[in-house]
Number of protein chains: 2
Amino acid sequence: MIRLLIADDEDLLRGALAALLELEDDLTVTAEAATSTDAVRLAREHRPDIAVLDLEMPPSDGLRAAETIRAELPTQVILVTRHARPGVLRRALSAGVSGFVPKTTPATKLAEIIRAVAAGRRYVDPDIAASALTEGACPLTDRELEVLRASRTGASVNEIAERVHLAPGTVRNYLSAAMAKLGVGSRHAAAHRAWEEGWI
Amino acid sequence: MIRLLIADDEDLLRGALAALLELEDDLTVTAEAATSTDAVRLAREHRPDIAVLDLEMPPSDGLRAAETIRAELPTQVILVTRHARPGVLRRALSAGVSGFVPKTTPATKLAEIIRAVAAGRRYVDPDIAASALTEGACPLTDRELEVLRASRTGASVNEIAERVHLAPGTVRNYLSAAMAKLGVGSRHAAAHRAWEEGWI
DNA sequence: GTCAGCGGATGACAGATGTCATCTGATCAT
DNA sequence: ATGATCAGATGACATCTGTCATCCGCTGAC
């Protein structure tokens with residue numbers, strides 16, 4: 001019997017998924033979590049065979065939870081995501097995740113994937129894998145990513161500088177570098193682009 | 001027997017939901033759609049009692065599909081949404097939608113809501129209803145919303161002007177008005193804010 | 001007719017933003 | 001210790017953006 005932890009902030013999906021998987025003879029859902037912190041806590045407590053984690057989950061995200069779980073438990077992790085962006089897959093794999101599944105996967109296939117991962121195999125959605133291989137890695141430095149993240153909400157240079165503890169001029173330099181690398185003409189376009197690619 | 005149409009672009013949720021609802025004795029899923037256009041087409045074809053539509057669904061959105069369905073069929077519509085923002089509820093209700101459910105609703109409760117709507121009642125998530133009543137309606141005009149939508153990706157004034165077929169100066173006027181109404185200092189902040197509120 | 005009102009456009013101005021060359025201080029391999 | 005390298009800062013400059021007063025053409029009430 002494969003013991004599962006399911007974590008997703010959408011009760012609707014989590015509940016439906018749990019019910020669906022519970023129908024399978026060899027699967028059982030031992031814990032459900034709606035937040036990334038709960039996911040880690042319940043994983044420690046129940047030590048499930050496999051944790052199915054949503055990537056977009058407050059307060060941090062599924063990736064952080066996956067890293068923590070992989071670091072201290074033998075539990076295998078399958079990440080489920082809505083925006084299946086190549087950059088995210090890259091990060092997930094280096095965090096030791098065994099499965100990477102977009103939410104466009106048919107529900108009936110999930111049980112198979114869980115069994116494959118339980119048997120020690122890995123599963124990565126073929127479409128995402130293909131685009132991850134053809135696309136280059138993130139060209140931005142940590143600082144550049146940091147200032148781009150801070151500018152997501154439309155903040156001014158001064159506000160960003162305040163937030164990341166840098167001089168306004170330095171912030172403009174980093175933004176300028178990021179914009180040049182991404183080939184766009186404003187920091188807002190750069191932030192949007194970086195978000196689309198899954199880098200921030 | 002209540003006949004259902006389920007539309008959601010995430011196969012995972014749609015499949016799990018269909019399986020879950022099919023378990024109920026008095027419910028049956030007669031059609032599934034992954035796009036808003038398919039949803040309308042299948043609704044015309046199968047004339048279900050109730051259509052459960054996801055709000056965030058390409059190519060247009062669930063709201064458009066709901067409007068079309070309500071305009072030509074006796075089918076009742078339940079909207080399911082991830083970002084349960086008050087502004088969206090307002091638009092949904094004036095489109096003749098009978099149910100408004102965030103994805104944070106427990107899966108087990110959905111069947112009850114479907115039965116209530118089938119019996120001629122309405123269901124609106126209490127939390128969203130409360131905030132919709134306390135919050136004011138969208139203060140922005142159609143044109144202001146249009147230019148804000150066009151600036152979502154970080155476009156420059158000239159690009160926006162091109163996209164909405166207006167003079168650059170006019171675009172700046174509308175943006176300026178929108179920024180003043182939202183109390184922010186840049187169009188990007190305004191666009192972000194309007195998105196958060198569910199207006200664009 | 002005419003006058004108010006409205007969507008759209010224009011032009012001028014101040015301030016914010018993007019670009020670039022340059023400087024400082026810390027780190028580090030040799 | 002010395003030269004290379006790099007994160008961070010600065011200042012000057014051109015351009016873009018936001019603000020505001022104003023103007024034009026159309027429509028609709030009176």
Side-chain angles (χ1 to χ4, degrees), chain A residues 87 90-91 94 136-200, chain B residues 64 67 87 90-91 94 136-200:
Chain A
R90 215 176 289 274
R91 275 166 37 198
S94 56
C138 172
L140 303 173
T141 68
D142 287 347
R143 278 302 204 195
E144 286 160 5
L145 288 172
E146 194 179 356
V147 293
L148 280 184
R149 251 189 295 273
S151 69
R152 272 292 306 287
T153 55
S156 71
V157 169
N158 285 317
E159 289 167 338
I160 299 171
E162 178 98 8
R163 216 175 297 176
V164 300
H165 304 293
L166 284 176
T170 308
V171 169
R172 286 201 278 165
N173 288 338
Y174 283 125
L175 288 173
S176 189
M179 288 158 56
K181 286 179 182 173
L182 298 182
V184 295
S186 84
R187 81 188 110 105
H188 305 288
H192 189 80
R193 181 75 174 286
W195 178 82
E196 273 185 344
E197 297 285 349
W199 296 332
I200 58 177
Chain B
R64 299 273 180 80
E67 286 167 1
R90 214 176 290 274
R91 278 170 27 201
S94 57
C138 171
L140 303 172
T141 68
D142 287 348
R143 277 305 203 194
E144 287 160 5
L145 288 172
E146 195 179 356
V147 293
L148 281 185
R149 252 188 295 274
S151 69
R152 274 291 304 287
T153 55
S156 72
V157 169
N158 285 317
E159 290 167 339
I160 299 171
E162 178 98 10
R163 216 175 297 176
V164 300
H165 304 293
L166 285 176
T170 309
V171 170
R172 286 200 279 165
N173 288 338
Y174 283 124
L175 288 172
S176 188
M179 289 158 56
K181 285 179 183 173
L182 299 181
V184 295
S186 84
R187 81 190 110 105
H188 305 287
H192 189 80
R193 181 76 175 287
W195 179 81
E196 273 184 345
E197 297 285 348
W199 296 332
I200 59 178

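Just so it is clear: chains get the letters A, B, ... in the order the sequence lines come, proteins before strands, and each one is counted from 1. Bear in mind that the values here come from a model prediction, so they are computed numbers and not experimental data.
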Problem set entry | Flag side-chain contact, heavy atom, 4.5 Å: B:Val147 against B:Arg187 | no

Exercise. Are B:Arg143 and C:dG7 close enough that a side-chain N or O sits under 4.0 Å from OP1 or OP2?
Worked result: no

For this session: Please list, chain by chain and in numerical order, all residues satisfying salt bridge (charged side-chain N to carboxylate O under 4.0 Å, His left out) with B:Glu146, sequence neighbours excluded.
Result: B:Arg143

Exercise. Where do A:Ala150 and A:Ile160 come nearest, in terms of heavy atoms and distance?
Worked result: CB-CG2, 3.8 Å

Give every donor-acceptor pair under 3.5 Å between a side-chain atom in residues 170-186 of chain B and any protein atom, sequence neighbours left out.
| from | atom 1 | to | atom 2 | distance (Å) |
| --- | --- | --- | --- | --- |
| B:Lys181 | NZ | B:Pro139 | O | 3.1 |
| B:Lys181 | NZ | B:Glu144 | OE1 | 3.0 |
| B:Lys181 | NZ | B:Glu144 | OE2 | 3.3 |
| B:Ser186 | OG | A:Gly154 | O | 3.3 |
| B:Ser186 | OG | B:His188 | N | 3.4 |
| B:Ser186 | OG | B:Ala189 | N | 3.2 |

Seminar exercise, completed: In the 5' to 3' direction, the nucleotides of DNA chain D bounding the stretch that comes under 4.0 Å of a heavy atom in chain B are D:dT17 to D:dC20

Seminar exercise, completed: Between B:Pro168 and B:Val157 the two heavy atoms that sit nearest each other are O-CG1, 3.5 Å

Problem set entry | Sequence neighbours excluded, every pair satisfying side chain to side chain donor-acceptor pair (under 3.5 Å) that has a member inside residues 148-163 of chain A | none

For this session: List in numerical order all residues of residues 144-160 of chain B for which some heavy atom is under 4.0 Å away from an atom belonging to DNA chain C.
Result: none

Exercise. When the distance from NZ of A:Lys181 to P of C:dT19 is rounded to whole Å, what number comes out?
Worked result: 14 Å

Exercise. Between residues 161-180 of chain A and DNA chain C, which residues have a heavy-atom gap below 4.0 Å?
Worked result: A:Arg172, A:Asn173, A:Ser176, A:Met179

